Amino acid sequence: MGTLLKCYKPLFPLRFIPIPNSVRTSGLPTHHSHAIFSNSKVCGGRCFSSVKQSQPLIDEKNSGGEGVENRRAELWLYNTMSRQKEVFKPKVDGRVGMYVCGVTAYDLSHIGHARVYVSFDVLYRYLRHLEYEVNYVRNFTDVDDKIIARANEMGEDPINLSRRYCQEFHVDMTYLHCLPPSVEPCVSDHMPQIIDMIKQIIDNDCAYRVEGDVYFSVDKFPEYGRLSGRKVEDNRAGERVAVDSRKKNPADFALWKAAKKGEPFWDSPWGPGRPGWHIECSAMSAAYLGYSFDIHGGGMDLVFPHHENEIAQSCAACKQSNISYWIHNGFVTIDSEKMSKSLGNFFTIRQVIDIYHPLALRLFLIGTHYRSPINYSDVQLESASDRVFYIYQTLHDCQNAMDQDDMTKKDSVPPHILDCINKFYNDFLTSMSDDLHTPVVLAALSDPLKTINDLLHTRKGKKQELRLESLAALEKVIRDVLTILGLMPASYSEALLQLREKALKRSKLTEDHILQKIEERTMARKNKEYEKSDAIRKDLAAVGIALMDSPDGTTWRPAIPLALQEQVAAT
């Protein structure tokens with residue numbers, strides 16, 4: 001078999017993967033291409049040409065006033081390798097190659113996984129908003145010790161078990177509005193590429209064979225530890241790395257593992273076996289992106305040993321291997337301890353979205369900067385759920401107001417509305433371009449949402465000139481930003497209905513019960529039994545059901561339970 005992996009050249013030719021219609025409805029504008037591409041110039045220095053400029057959301061010609069400045073956003077990203085924020089400059093003008101380490105598929109994914117893939121989905125969406133053509137590669141590990149152990153427990157074939165959990169992962173990502181990557185390679189489908197890379201490493205005298213196993217020799221790579229800042233003498237056997245006295249250095253790690261009885265295996269020049277964990281990503285990223293590409297990402301727990309070992313392997317296979325930006329997200333914690341399956345202190349995505357709307361979970365995850373730790377709690381989820389309900393209710397009311405008016409609309413808005421829109425969009429652009437500062441963007445939503453509610457519900461707002469035009473322009477800019485954040489539902493009314501259903505589930509009440517209580521309260525107020533009326537309101541508020549009085553009667557909406565409201569105020 002000839003050499004499959006050459007320096008800087010991806011294995012597979014250019015091919016396009018269309019985005020499914022189901023994803024388009026909640027994803028990015030469809031004019032963006034979605035393709036796997038090969039870098040035409042992947043050797044040598046970086047290309048510093050700029051990408052196309054972002055277009056203004058409202059321009060002078062259509063607004064009747066000054067428009068958003070037509071300029072390109074200069075994106076800054078924190079690079080773990082340099083330990084500082086750097087201006088993002090892709091190797092190929094207008095194109096980005098991004099590899100994100102995927103899940104080891106042996107169980108349902110937890111919200112620590114959700115944070116990883118939501119964080120990089122936001123980056124993916126924003127790069128596309130900046131009109132980059134992004135080749136986003138995210139793998140599945142479907143060959144691993146943990147998969148084999150779980151399969152043995154369940155009496156199931158390891159590959160079949162893993163593929164089943166890969167499908168469950170796809171379901172979770174759809175719930176969380178994560179766009180599909182350009183390609184999702186599985187380890188079991190890439191054994192020739194993995195074996196070929198190990199050959200190259202051995203040929204370059206950076207690995208050695210021991211009784212059917214192959215180990216990488218860290219002593220042959222002097223720069224080992226530069227990503228994590230660790231010294232070789234400080235290293236110890238880590239997760240998935242067994243202590244082995246046959247190693248020349250305790251830090252050496254397995255590239256190939258000899259087959260054991262009852263385990264899946266593949267033939268290789270070193271005998272039957274399977275790959276080590278780290279070599280998988282090096283081989284698959286090289287296969288689809290070449291040895292030199294722009295972004296490699298994952299959770300902070302992967303900095304060492306996984307990404308450190310990837311760098312060593314890839315450079316040993318091809319000396320010119322180079323990845324420009326190493327990006328890592330912070331942990332999800334519970335009581336200040338990292339959430340993980342190994343610690344047993346995790347909630348699966350399914351457990352959370354059983355009682356909270358998936359977009360409430362997504363808002364919770366991006367409500368903290370992606371590099372900071374985020375502590376999971378019911379208080380935080382209740383707050384996020386309350387916030388998304390307010391956002392969608394405001395936009396739903398706005399849409400209804402526009403739909404119910406048949407007046408001919410003008411292509412202009414008042415100057416103060418234009419100022420509000422432009423300020424919000426510029427805040428969005430500035431914050432996102434500063435290492436994806438999503439919490440600032442979410443906070444900036446408050447002003448345009450308040451302006452919409454003023455136009456809808458106040459006496460002064462209802463009389464404002466060009467009111468409907470203002471509502472339409474405000475709704476559009478918010479909708480566009482929500483789409484880029486992955487928070488745009490298929491419909492506002494559907495999302496509101498789902499949020500109400502989740503609130504009922506958490507409160508352990510039915511809507512019929514709430515309507516009965518509303519009727520009892522109405523009669524109590526009519527009979528001037530105000531203590532009874534207040535007690536009914538308070539009892540419902542205690543379980544997260546708020547009553548809303550208006551001239552048209554009393555309705556209900558989800559709310560933060562009373563016992564948690566003080567905790568929310570303190571956060």
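Just so you know, these numbers come straight off a predicted model, no measurement behind them.
R125 places a side-chain heavy atom less than 4.5 Å from the side chain of L179. Contact annotation: the side chain of F364 never approaches that of V388 to less than 4.5 Å [non-hydrogen atoms, C-beta and beyond]. L485 places a side-chain heavy atom less than 4.5 Å from the side chain of M432. L487 is not listed as a side-chain neighbour of V481, based on a closest heavy-atom distance of 4.5 Å or more. Side-chain contact between K85 and L77 is absent, with no heavy atoms from C-beta onward closer than 4.5 Å. A heavy-atom distance below 4.5 Å is found between the side chains of Y136 and F120. Considering only heavy atoms from C-beta on, E86 comes within 4.5 Å of Q84 through its side chain. Using a 4.5 Å heavy-atom threshold, the side chains of T555 and S550 count as separate.
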Kindly determine whether T368 and R115 satisfy side-chain hydrogen bond (donor to acceptor under 3.5 Å, both in side chains), including the steps that lead there.
CA-CA 10 Å; T368 299; R115 192 182 193 196; 5.4 Å; no
Show your working on side-chain contact (heavy atoms from CB on, under 4.5 Å) between L509 and V543 and close with a plain yes or no.
CA-CA 9 Å; L509 299 176; V543 293; 3.9 Å; yes
Report the C-alpha distance between E168 and R350 in whole Å, list the side-chain angles of each, state the deciding distance to 0.1 Å, and finish with yes or no for salt bridge (charged side-chain N to carboxylate O under 4.0 Å, His left out).
CA-CA 10 Å; E168 297 293 351; R350 300 289 173 85; 2.6 Å; yes
Test side-chain contact (heavy atoms from CB on, under 4.5 Å) applied to R387 and L363, step by step
CA-CA 9 Å; R387 185 63 176 168; L363 185 138; 4.3 Å; yes
K502 vs S385, test: side-chain hydrogen bond (donor to acceptor under 3.5 Å, both in side chains). Steps then yes/no.
CA-CA 9 Å; K502 299 292 185 183; S385 183; over 6 Å; no
Show your working on side-chain hydrogen bond (donor to acceptor under 3.5 Å, both in side chains) between Q464 and H416 and close with a plain yes or no.
CA-CA 11 Å; Q464 183 175 295; H416 74 282; 3.3 Å; yes
Pair D454, K450 - check salt bridge (charged side-chain N to carboxylate O under 4.0 Å, His left out), show working.
CA-CA 6 Å; D454 288 344; K450 181 181 183 303; 3.1 Å; yes
Please step through salt bridge (charged side-chain N to carboxylate O under 4.0 Å, His left out) for the pair R525 and D549, ending with a clear verdict.
CA-CA 12 Å; R525 295 173 71 191; D549 296 321; 3.4 Å; yes
Determine whether R500 and E511 satisfy the following criterion, salt bridge (charged side-chain N to carboxylate O under 4.0 Å, His left out), listing intermediate values before the conclusion.
CA-CA 9 Å; R500 291 163 71 94; E511 186 159 28; 3.4 Å; yes
Quick one, V118 with H177, criterion side-chain contact (heavy atoms from CB on, under 4.5 Å). Give me CA distance, side-chain angles, the key distance, then yes/no.
CA-CA 8 Å; V118 167; H177 280 206; over 6 Å; no
Audit row: I295, Y99, side-chain contact (heavy atoms from CB on, under 4.5 Å) steps and yes/no
CA-CA 6 Å; I295 296 171; Y99 186 92; over 6 Å; no
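Looking only at atom types and distance, the side chain of D397 has a donor-acceptor partner in the side chain of Q393 under 3.5 Å away. Under 3.5 Å, the side chains of Y126 and S433 contain a donor-acceptor pair of N or O atoms. Checked by atom type, the side-chain pair T554/R537 shows no donor-acceptor distance below 3.5 Å. A side-chain donor-acceptor contact under 3.5 Å links Y492 and E475.
Counting heavy atoms of neighbouring residues, nucleotides and ligands inside a 6.0 Å radius, atom CD of E519 does not exceed 12 of them.
In this structure, the ring of Y175 has its center no less than 6.0 angstrom from the ring center of H170. Note: F169 and Y117 meet the aromatic proximity criterion, with ring centroids under 6.0 Å apart.
Note: Q380 CD to L564 CG = 11.0 Å, rounded to the nearest 0.5 Å. Rounding to the nearest 0.5 angstrom, the gap separating the OH atom in Y288 from the CZ atom in F293 is 13.5 Å. Rounding to the nearest 0.5 Å places CZ of R479 at 9.5 Å from CG of L482. Atoms CG and CD1, from L359 and I391 in turn, are 10.0 Å apart once rounded to the nearest 0.5 Å. Here the CG atom belonging to D378 is positioned 7.0 Å from the CD atom belonging to E382, to the nearest 0.5 angstrom. Interatomic distance, F428 CZ to L442 CG, rounded to the nearest 0.5 Å: 11.0 Å.
Using a 4.0 Å cut-off between charged nitrogen and carboxylate oxygen, K505 and D354 count as a salt-bridge pair.
At distances below 3.5 Å, not a single donor-acceptor pair connects side-chain atoms of N329 with backbone N or O atoms of Y370. Listed for the R506 side chain is no donor-acceptor partner under 3.5 Å among the backbone atoms of G544. With hydrogens and angles ignored, the 3.5 Å screen pairs a side-chain donor or acceptor of S507 with a backbone N or O of L504. Between the side chain of N79 and the main chain of M81, a donor-acceptor pair closer than 3.5 Å is present. In this structure a side-chain-to-backbone donor-acceptor pair under 3.5 Å is present from Y325 to K89. Side-chain N or O atoms of R138 include none that pairs as donor or acceptor with a backbone N or O of E184 at under 3.5 Å. Side chain of H513 to main chain of T510: no donor-acceptor pair is present (N/O by atom type, distance under 3.5 Å, no hydrogens or angles). A side-chain donor-acceptor contact under 3.5 Å links N527 to the backbone of M523. Within the 3.5 Å criterion, the main-chain N or O of G97 finds a donor-acceptor partner in the side chain of D294. At least one donor-acceptor pair under 3.5 Å links the side chain of Q565 to the backbone N or O of I560.
Considering every non-hydrogen atom in both V96 and P90, the closest pair reads CG2-CB, 4.4 Å. Contact record, D386 with P558: OD1-O, 3.9 Å, taken as the closest heavy-atom pair. What you find for A444 and F424 is that their closest heavy atoms are O-CD1, 3.4 Å. Nearest approach of V440 to S431, heavy atoms of both residues: CG1-OG, 3.1 Å. A pairwise comparison of heavy atoms in P414 and L466 identifies CD-CB, 3.9 Å as the closest pair. Taking each heavy atom of C420 and T451 in turn, the nearest pair found is SG-OG1, 3.8 Å.
The ring pair (Phe, Tyr, Trp, His ring centres under 6.0 Å) check on W556 picks up nothing, with sequence neighbours excluded. H307 is linked by a ring pair (Phe, Tyr, Trp, His ring centres under 6.0 Å) to H296, W326, H328, counting only residues two or more places apart in sequence or in another chain.
Geometrically, R371 engages Y78 in a cation-pi contact defined by less than 6.0 Å to the ring centre and at most 45° from the axis. By the 6.0 Å and 45° rule, R128 stacks over the aromatic ring of Y124.
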